[in-house]
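One-based numbering along the sequence shown. For the numbers below, each heavy atom of this structure counts, side chains included, while hydrogens, waters and symmetry mates do not.
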Amino acid sequence: MPRKNFSIINVPNMSLMAGEELEKIYELLRKHQATLTTITPGQRLAVYGMSAEKLKALQDELSSNFPVDEGIKVTSLQSCPGLEQCRYAVADSLILGRKIDRLTFDRPFPHKVKIGIAACKMCCTKPYLRDVGILAGKKGWSVLFGGNAGGRPRIGDLLASELQEDEVVALVKKALDFYIENAAKKQRTARFIEQIGIEEFRKVVLDSQK
């Protein structure tokens, strides 16, 4: 029985796609005879049941049609539609998401990093269960760190609240830089925070923001 290959492909622009982009993905999936496709909980595209050769060809075409910026970036960045589309939103999550999406880092992450941005307390993007969670309130943004939705779930710890957009971007950059520099290989942010303690982490990343 042949091996069943699969791949999870990041979708650009925080997983928000126009109709013509969806049509292009559908066209490529048919062209390369993908037998099964699904959208993951992280809003990425999972493709199953292809030979290694066809999978590589599909990945190459997707990459050429949906290029990503150069540099080391987070594994997954998901934002809700925010003020443009949601009546409950209290801030523009898409503008903030695009700023964070432009962040790059000098070294690879110890493990995958997922960011969820929510423009209201409904938390549709699960910010409390992401490595970095960003949540809007009437007085500004809150940043959480160390969440995880896996087999050992963990609610992210609050780092700071009532922040402006540029303060959020700076804090996320500093927190992830510290994680890169100090976490063990294959150690997710949840286990890293459990190891060093949230108070020590806050002390380092918040003091450096002043």
Side-chain angles (χ1 to χ4, degrees), residues 1-82 84-86 92-119 123-127 129-134 147-151 169 172-173 176-177 179-180 185-186 188-189:
M1 184 176 180
R3 180 184 175 186
K4 298 299 184 182
N5 295 291
F6 76 95
S7 179
I8 295 179
I9 301 164
N10 287 331
V11 179
N13 193 29
M14 297 169 287
S15 304
L16 299 170
M17 309 203 68
E20 57 268 24
E21 292 173 313
L22 291 171
E23 288 178 352
K24 186 61 180 180
I25 289 175
Y26 175 66
E27 175 186 313
L28 292 174
L29 291 172
R30 289 198 64 183
K31 174 182 176 181
H32 294 281
Q33 300 176 325
T35 59
L36 184 65
T37 307
T38 186
I39 303 297
T40 73
Q43 298 300 298
R44 292 182 293 166
L45 186 69
V47 182
Y48 300 88
M50 301 177 68
S51 68
E53 294 76 17
K54 286 185 177 181
L55 187 58
K56 177 64 165 57
L58 172 61
Q59 289 173 317
D60 289 344
E61 281 212 65
L62 283 168
S63 296
S64 64
N65 280 275
F66 301 97
V68 296
D69 296 334
E70 296 293 329
I72 298 169
K73 292 178 172 287
V74 298
T75 306
S76 173
L77 172 61
Q78 184 183 4
S79 172
C80 67
E84 292 184 16
Q85 302 292 338
C86 180
D92 198 325
S93 54
L94 295 182
I95 287 179
L96 177 57
R98 291 182 185 113
K99 289 182 178 181
I100 292 175
D101 195 36
R102 288 195 289 268
L103 288 176
T104 57
F105 299 85
D106 295 331
R107 290 188 289 163
F109 293 97
H111 209 315
K112 58 186 174 183
V113 170
K114 298 181 179 182
I115 297 180
I117 307 174
C123 296
C124 294
T125 52
K126 301 179 177 62
L129 296 175
R130 299 305 186 205
D131 296 278
V132 179
I134 303 168
N148 188 277
V169 175
V172 169
K173 180 70 165 66
L176 290 176
D177 277 337
Y179 168 62
I180 289 172
K185 187 176 181 180
K186 298 292 185 181
R188 290 290 297 271
T189 58

Closest heavy-atom pair and its distance - [X], [Y]:
{"X": "R130", "Y": "G116", "answer": "CG-N, 3.6 Å"}
{"X": "G147", "Y": "T189", "answer": "O-OG1, 4.1 Å"}
{"X": "Q78", "Y": "T125", "answer": "CG-CG2, 3.9 Å"}

- Task: Check whether more than 12 heavy atoms from other residues, nucleotides or ligands sit under 6.0 Å from atom NZ of K126, and answer yes or no.
- Result: no
Nearest 0.5 Å please: distance from the [atom1] atom of [X] over to the [atom2] atom of [Y].
{"X": "L55", "Y": "Q59", "atom1": "CG", "atom2": "CD", "result": "4.5 Å"}
{"X": "L176", "Y": "F105", "atom1": "CG", "atom2": "CZ", "result": "4.5 Å"}
{"X": "K73", "Y": "I100", "atom1": "NZ", "atom2": "CD1", "result": "11.0 Å"}
{"X": "I25", "Y": "R30", "atom1": "CD1", "atom2": "CZ", "result": "15.5 Å"}
{"X": "S64", "Y": "L28", "atom1": "OG", "atom2": "CG", "result": "7.5 Å"}

Would you find a donor on one side and an acceptor on the other, under 3.5 Å apart, between the side chain of [X] and the backbone of [Y]?
{"X": "T104", "Y": "G71", "answer": "no"}
{"X": "D101", "Y": "G97", "answer": "no"}
{"X": "S93", "Y": "C80", "answer": "yes"}
{"X": "R188", "Y": "K112", "answer": "yes"}
{"X": "E84", "Y": "P81", "answer": "no"}
{"X": "T37", "Y": "Y48", "answer": "no"}

Does a side-chain heavy-atom distance below 4.5 Å link [X] with [Y]?
{"X": "M50", "Y": "L58", "answer": "yes"}
{"X": "V169", "Y": "L96", "answer": "yes"}
{"X": "L103", "Y": "V172", "answer": "yes"}
{"X": "I72", "Y": "D106", "answer": "no"}
{"X": "Y179", "Y": "D131", "answer": "no"}

- Query: side-chain contact (heavy atoms from CB on, under 4.5 Å) between T38 and L45: does it pass, once the steps are laid out?
  - Reply: CA-CA 6 Å; T38 186; L45 186 69; over 6 Å; no
- Query: Which pairs, with at least one residue in residues 47-60 and sequence neighbours excluded, count as a salt bridge (charged side-chain N to carboxylate O under 4.0 Å, His left out)?
  - Reply: K56-D60
- Task: Under the side chain to side chain donor-acceptor pair (under 3.5 Å) rule, collect the residues that match up with E27, sequence neighbours excluded.
- Result: K24
- Message: Determine whether K185 and H111 satisfy the following criterion, side-chain contact (heavy atoms from CB on, under 4.5 Å), listing intermediate values before the conclusion.
- Response: CA-CA 7 Å; K185 187 176 181 180; H111 209 315; over 6 Å; no
